[in-house]
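The structure appears right after this line, and notes come after that.
Positions are given from 1 along the sequence.
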Amino acid sequence: MKPVRFALGVLAAALALASAVFAQEGREEASASATGEQEAFAHDAELVADSVISSFMRQYRPAGVTLAIVKDGKPIVLKGYGVADPETDNRPIDPRKNLFRIGSISKTFTWIAVMQLVEQGKLDLDENVNSYLKAFQLPEPHGVPLTLNDIMAHRSGFEDGGAGYMLVGDPARTQILEELLRTEIPAQIYPPGTVTAYSNYASALAGHIVENVSGMAFNDYVDEFITGPLQMNHTTFREPEGAVANADGPMDPALEPDVTPGHVFAGGRPKAIGFEYIQSVGPAGSVHSTAADMARYMIALLHKGEIDGVKILRPETVEEMRKRGFSDRPEAVDFAHGFFNGKMHGYEYFGHGGGTSGFFSIMEFSPELDFGVFASVNTTVGFSQFKDIPSLIVGELFGDNPASTNEEFMLSAEEMQKFAGEYIDNRRNFRGVEAILNFFNPALKATISVSPDGLLIRRMGAEGSAWKPAGPFAFRNFSNPDEVMTFAQDDSGEIVRFNSELGHKSFERSTYFAKPDFLYLSALTSLVLTFSTFAAAFMRRRTNKGMNVSPYSALALYAGFLCIVIIVMGVSAILEIAGAGVRVTQEFPLDGTRAFLMATPVALISWTAMALSVIPVWISTNFTFWRKAHYSLLAAALAAFGIMLWNWHLVGA
């Protein structure tokens, strides 16, 4: 029996060996097949990216674009298009070397820093932020405390601002973060947590809270706990030597030669602008990075905070970050712990965009696809098209999500009409001198009407779009189903605002005084009545050459003269701003604006005196009825003009 057992044992061993060999061959074939599929997908992704980026570059002719695409934990496309600077550096963009300014994508690093401290129990997202501030305290005009949850959802209630001190061209004008936050506290227009209005100030404030709680300078913290562990060696919040705000050290000199200049499009070509310093509000937007580094960043974000065995967040923290801070518009884009969260061809995505005076960047990644796209252009052109690059690439590679449905929703003509009207952007300056810049934003005002075929027609500046009902207070872009605009109503059921489909701001139903129309009308009326006053005075002097000018007539002539001066100075300031380019954001207020603001108080004093003199004029027997009426009309027009100047914060520096 032993020989038989031996033979059977040998046979069994042979069969086992053969099975192992076949299994290994099967695994190798499966691995080879998977590798082949990955390589084919990467090849397709590169072809699609080439087509999308090349089309953009042909249409808008920027200097250069850098791109990263990741899939299944690996970078599958790292590519540069164009050059760093057509005038001085014709070397092709290197996605591993050229540093681009990623603007507000920087904020996502700030949110990660905040959540790391939440993990450690050092921060509470629902705590009053004043409890984390040392050098100053924020006012609470609405009696409601501001929280980090409000800030991460951009519902701080702050007005927008920053021209002349957030982004500057002169490094000597930069400020330490704490100093800027203490001296430039914006007005809080809305109660925290109620209205979406993107805020750089609030985001920078979150970075300062990281400093206070961690006991480290913000840039040092990011280096040690985020970019360092992720081996993002070409990513930094720091700026070159010279910025006053570089209290914790400047950019590594080894990186400076690879910093790509930003451009504006002028004279038919990209024109480089000087270096723009953002360090004063660094946590809100000062990062330089490469496409290769941003690929590593997206992989970590897609893989629950981990890459190459290194974790910057716990998996449960990443899951928590993918939840929205507010749940009032689930069908539209909103913020999930500081990251934009919405749908892209029906697939859920997270991400952020970022723009400065010379760059625009976009980063969007989808956990369900394990796929992400980062792109940055070093010329401020074609924003509306550039932000769609991730969506275009996803659409070509994956198509529409078959599980996604956009159900039809019907509203009656009467129900549709309640959304019609004029609205004004809430992301603006309300109570500061920067309100003058609102005149230069063509998209500040939105007009909504109802078409005969039951669509909402929205016009913003020169752009128009059509929207179909997607719910009782939601409308879907007729041309892009991923874009949803939502409306909010007050306790009485009146529509009070709509939330932008981009998710970062809202538009309030505007009152007449919130629009510049009345300012223009009061200025024009005052000007016409001033000229008629001058003409009447001239005719009276010709008729009665020896006539003495009464004090009231002199006051009217003086007030009218100041009206002309103010209008001329205002127009000059507007022309100066219109032609200043990036100097507006870096050096505001400009000389013409400053002079105009200094002159307006003098005019208001004389106009107030004229308004107070109306009663004595009517009592006087020296004026005819028609002169009294004309005097009163001029006084009323100048008073209205003055009120409008005050309303738009155009009185005094």
Side-chain angles (χ1 to χ4, degrees), residues 104 106-107 110 128-142 145-148 150-151 154 156-190 192 197-213 216-219 221 237-239 242-248 250 276-286 356-357 427-438 583-591 593-594 597-598 601 648-653:
S104 287
S106 309
K107 292 179 175 67
T110 302
N128 186 338
V129 297
N130 275 330
S131 64
Y132 302 121
L133 300 177
K134 300 175 181 178
F136 63 97
Q137 293 283 284
L138 297 174
E140 296 179 2
H142 303 281
L146 176 65
T147 69
L148 281 165
D150 299 326
I151 289 174
H154 287 282
S156 65
F158 289 137
E159 66 178 342
D160 198 27
Y165 60 90
M166 279 195 181
L167 293 78
V168 297
D170 180 359
R173 294 184 63 187
T174 60
Q175 304 174 63
I176 303 300
L177 176 60
E178 181 181 89
E179 176 188 356
L180 181 139
L181 294 171
R182 178 177 57 81
T183 59
E184 301 290 353
I185 300 174
Q188 193 175 55
I189 307 300
Y190 300 102
Y198 194 84
S199 175
N200 285 307
Y201 177 92
S203 303
L205 182 71
H208 179 53
I209 289 172
V210 169
E211 290 183 320
N212 285 346
V213 172
M216 300 174 65
F218 180 79
N219 292 346
Y221 182 95
F237 274 86
R238 303 173 192 270
E239 294 179 330
V244 174
N246 278 331
D248 53 334
E276 190 167 52
Y277 293 87
I278 313 177
Q279 194 61 217
S280 302
V281 287
S286 71
T356 67
S357 298
R427 192 192 173 189
R428 72 183 195 276
N429 194 268
F430 286 76
R431 299 179 181 174
V433 66
E434 290 178 66
I436 194 173
L437 299 180
N438 295 334
R583 286 182 53 235
V584 175
T585 57
Q586 295 181 355
E587 301 174 17
F588 188 83
L590 304 177
D591 292 341
T593 304
R594 200 182 301 275
L597 294 171
M598 292 174 65
W648 284 89
H649 307 283
L650 302 176
V651 179

Next on the checklist: For Phe136 and His208, take the angle between the two ring planes, folded into 0 to 90°, and tell me which bin it lands in: parallel under 30, tilted 30 to 60, perpendicular over 60.
Outcome noted: parallel
Next on the checklist: Could you work out, with salt bridge (Lys or Arg N to Asp or Glu O under 4.0 Å) as the rule, every residue matching Glu239, not counting sequence neighbours?
Outcome noted: Arg101
Checklist entry - Restricting to pairs with a member in residues 160-181, which pass salt bridge (charged side-chain N to carboxylate O under 4.0 Å, His left out), not counting sequence neighbours? => result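 For residues 160-181, and leaving out neighbouring residues, the salt bridge (charged side-chain N to carboxylate O under 4.0 Å, His left out) pairs sorted by first residue read Asp160-Arg427.
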Item to check | Criterion side chain to side chain donor-acceptor pair (under 3.5 Å) on Ser203 and Tyr198, from CA distance to verdict | outcome: CA-CA 9 Å; Ser203 303; Tyr198 194 84; 5.7 Å; no
Between [atom1] on residue [X] and [atom2] on residue [Y], distance to nearest 0.5 Å:
X: Leu177; Y: Asn219; atom1: CG; atom2: CG; value: 9.0 Å
X: Gln586; Y: Glu276; atom1: CD; atom2: CD; value: 4.5 Å
X: Phe158; Y: Phe430; atom1: CZ; atom2: CZ; value: 13.5 Å
X: Leu146; Y: Ile151; atom1: CG; atom2: CD1; value: 4.5 Å

With side chains defined as the heavy atoms from C-beta onward, is the minimum distance between [X] and [Y] less than 4.5 Å?
X: Gln175; Y: Val281; result: no
X: Ser104; Y: Asn200; result: yes
X: Thr593; Y: Leu597; result: yes

Checklist entry - Do Thr110 and Lys107 have a side chain donor and acceptor closer than 3.5 Å? => result no
Checklist entry - Do Asp150 and Thr147 get their side chains close enough for a donor-acceptor pair, meaning under 3.5 Å? => result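 Checked: Asp150/Thr147 side chains pair up, N/O donor to acceptor below 3.5 Å.
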